[in-house]
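Working notes, structure below.
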Amino acid sequence: MCGRYASSRAPEDLAGLFEAELDPDRGVPGPSWNVAPTDEVWTVLERVDKGTGEVLRRLRPVKWGLVPSWAKDPSVGSRMINARVETVHEKPAYRKAFTRRRCLLPADGFYEWVAVPASGTAKAYKQPYFIRPADDGVMAMAGLYEFWRDKSVEDDDDPAAWLTTATILTTEATDEAGRIHPRMPLALHPDDYATWLDPAHQHTDDLRALLHTPADGRLTATAVSTAVNSVRNNGPHLLEPV
């Protein structure tokens with residue numbers, strides 16, 4: 001699974017990189033080196049403008065942890081931060097979003113943990129690793145997004161009436177990530193961004209064909225401080241090798 005990641009680039013830089021418009025009516029999440037479930041995160045997505053009918057690509061914040069439209073309350077989102085690429089097109093919670101509401105979640109890299117057994121002088125613990133593209137480029141993690149209507153808010157046009165959430169697709173881990181954890185987030189190649197984001201592209205087999213070797217298999221893993229274990233800790237120091 002992917003339970004923590006880093007996303008520290010400025011929104012203006014992300015908007016330029018993904019050729020997206022920065023949504024001016026939304027909040028602006030600050031840089032984070034310890035992104036955790038239910039945090040506000042940046043996504044890149046495409047929506048049809050109701051006024052012009054034009055498809056617009058936007059950079060906008062959503063909550064990490066997908067809440068299906070039919071959920072009774074949004075708390076379920078904390079348990080739906082990942083979706084397995086092998087079955088995402090079949091699961092009721094993700095099936096419709098896979099067809100119509102796909103997105104990218106920009107990241108510097110992600111964290112995974114390896115269990116270290118107890119020794120004569122130390123207790124057992126989990127050693128965190130930060131896994132990133134070997135070229136230090138941005139990972140464009142494949143994701144899905146969904147809208148949930150808060151029925152306690154009467155007006156449909158009130159921004160508080162709608163909660164937008166997202167999940168990250170995971171796949172079998174490769175290269176350096178494979179020795180750390182059997183699963184990892186799936187990062188798309190830039191050549192596939194347009195097809196993945198296009199809401200008019202709804203052919204399941206074609207979409208699944210885009211979901212292949214993450215980051216072309218070129219990843220590096222670095223042992224980092226256990227400080228990342230606490231969501232209260234944040235800052236670039238979390239990425240320093242130990």
Side-chain angles (χ1 to χ4, degrees), residues 1-9 11 14-15 18 20-32 34-51 55-85 87-107 110 140-170 185-186 196-200 202 207 231-232 234:
M1 64 176 293
C2 173
R4 300 280 183 84
Y5 68 94
S7 181
S8 64
R9 287 172 170 82
L14 293 175
F18 290 96
E21 295 182 14
L22 181 60
D23 195 330
D25 299 326
R26 311 287 172 176
V28 180
S32 177
N34 199 1
V35 179
T38 73
D39 282 354
E40 291 275 319
V41 297
W42 285 116
T43 59
V44 180
L45 53 84
E46 291 186 355
R47 300 281 295 169
V48 176
D49 184 271
K50 293 181 179 179
V55 176
L56 300 178
R57 182 179 296 184
R58 294 191 182 277
L59 177 72
R60 63 173 291 179
V62 306
K63 276 202 170 184
W64 183 18
L66 188 138
V67 179
S69 60
W70 40 260
K72 292 182 179 179
D73 67 77
S75 63
V76 67
S78 63
R79 303 190 300 274
M80 301 180 70
I81 61 172
N82 294 156
R84 293 174 68 93
V85 68
T87 57
V88 66
H89 62 296
E90 300 171 339
K91 297 291 184 180
Y94 305 120
R95 187 168 52 212
K96 188 173 290 187
F98 182 77
T99 303
R100 302 177 181 178
R101 288 179 288 277
R102 299 175 300 277
C103 62
L104 300 171
L105 292 89
F110 62 98
M141 300 185 295
L144 311 176
Y145 69 96
E146 189 58 273
F147 298 106
W148 182 79
R149 177 68 167 87
D150 185 348
K151 295 180 180 178
S152 67
V153 181
E154 294 184 3
D155 187 358
D156 274 353
D157 294 327
D158 186 337
W162 297 95
L163 176 65
T164 311
T165 59
T167 190
I168 295 171
L169 301 191
T170 66
L186 197 154
W196 178 251
L197 295 174
D198 184 0
Q202 300 182 9
L207 293 168
V231 296
R232 294 188 296 270
N234 212 321

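Residue indices begin at 1 and follow the sequence shown.
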field: Shortest non-hydrogen contact between T43 and A166, atoms and distance
entry: CG2-CB, 4.3 Å
query: In Å and rounded to the nearest 0.5 Å, what is the NZ to CH2 distance from K96 to W70?
result: 11.0 Å
query: Which atom pair, heavy atoms only, marks the closest approach of P11 to L59?
result: O-CD2, 3.3 Å
field: Heavy atoms from other residues, nucleotides or ligands near CZ of R149 exceed 12 (cutoff 6.0 Å)
entry: yes
- line: Closest non-hydrogen contact found for V231 with A36 is CG1-CB, 3.8 Å
message: For a quick test of reading the model, state the closest non-hydrogen atom pair linking L144 to L66 and the distance between them.
response: O-CD1, 3.9 Å
task: Report yes or no: do D73 and S75 form a side-chain donor-acceptor pair below 3.5 Å?
output: yes
- request: Test F110 against I168 for side chain to side chain contact (heavy atoms under 4.5 Å, CB included), laying out the working first.
  value: CA-CA 12 Å; F110 62 98; I168 295 171; over 6 Å; no
- prompt: Between the main-chain N or O of P106 and the side-chain N or O of S7, is there a donor-acceptor pair closer than 3.5 Å?
  reply: yes
- prompt: If you round to the nearest 0.5 Å, how far is SG of C2 from CG of L169?
  reply: 11.0 Å
- request: For W162 and D150, indicate whether the former's side chain and the latter's backbone hold a donor-acceptor pair under 3.5 Å.
  value: no
- request: For the pair H89 and F98, name the ring-plane relationship: parallel under 30°, tilted 30 to 60°, perpendicular over 60°.
  value: tilted
Side chain to side chain contact (heavy atoms under 4.5 Å, CB included) between V62 and T165, worked out: CA-CA 5 Å; V62 306; T165 59; 5.7 Å; no
- prompt: Salt bridge between E90 and R95, side-chain N to carboxylate O under 4.0 Å?
  reply: no
statement: Rounding to 0.5 Å, atoms NZ (K91) and CZ (R84) come to a distance of 9.0 Å
field: Non-hydrogen side-chain atoms of V44 and R57 separated by less than 4.5 Å
entry: yes
- request: Any chance you could lay out the ring pair (Phe, Tyr, Trp, His ring centres under 6.0 Å) test for W64 and Y5, step after step, and finish with the verdict?
  value: CA-CA 11 Å; W64 183 18; Y5 68 94; 5.1 Å; yes
message: Looking at N82 and T170, would you say the former's side chain and the latter's main chain have a donor-acceptor pair under 3.5 Å?
response: no
- request: Under the side-chain hydrogen bond (donor to acceptor under 3.5 Å, both in side chains) rule, what do R60 and T164 come out as? Steps first, then yes or no, please.
  value: CA-CA 10 Å; R60 63 173 291 179; T164 311; 3.3 Å; yes
task: Check S78 against T38 and note the closest heavy-atom contact, atom names and distance.
output: CB-CG2, 4.0 Å
task: Show your reasoning for whether side chain to side chain contact (heavy atoms under 4.5 Å, CB included) applies to Y94 and T99.
output: CA-CA 9 Å; Y94 305 120; T99 303; over 6 Å; no
message: What I'd like to find out is whether the side chain of D39 reaches to under 4.5 Å of the side chain of K63, using heavy atoms alone.
response: no
message: Is it the case that the side chains of N234 and S32 hold a donor-acceptor pair, with the cut-off being a distance below 3.5 Å and no angle test?
response: yes
- request: Indicate the atoms forming the closest heavy-atom contact of P68 with W148, along with that distance.
  value: O-CD1, 3.3 Å
Residues D198, R102: salt bridge by 4.0 Å N-O rule: no
- prompt: Between V28 and W42, does a side chain to side chain contact (heavy atoms under 4.5 Å, CB included) hold up when you go through it step by step?
  reply: CA-CA 8 Å; V28 180; W42 285 116; 3.6 Å; yes
query: How many angstroms lie between OG1 in T167 and CE in M141, if you round to the nearest 0.5 Å?
result: 10.5 Å
- line: When E21, R47, E46 are each screened for side chain to side chain contact (heavy atoms under 4.5 Å, CB included) with R58, the one that passes is E21
- request: Evaluate the side-chain proximity of L104 to W196: yes if any heavy-atom separation is below 4.5 Å, no if none is.
  value: yes
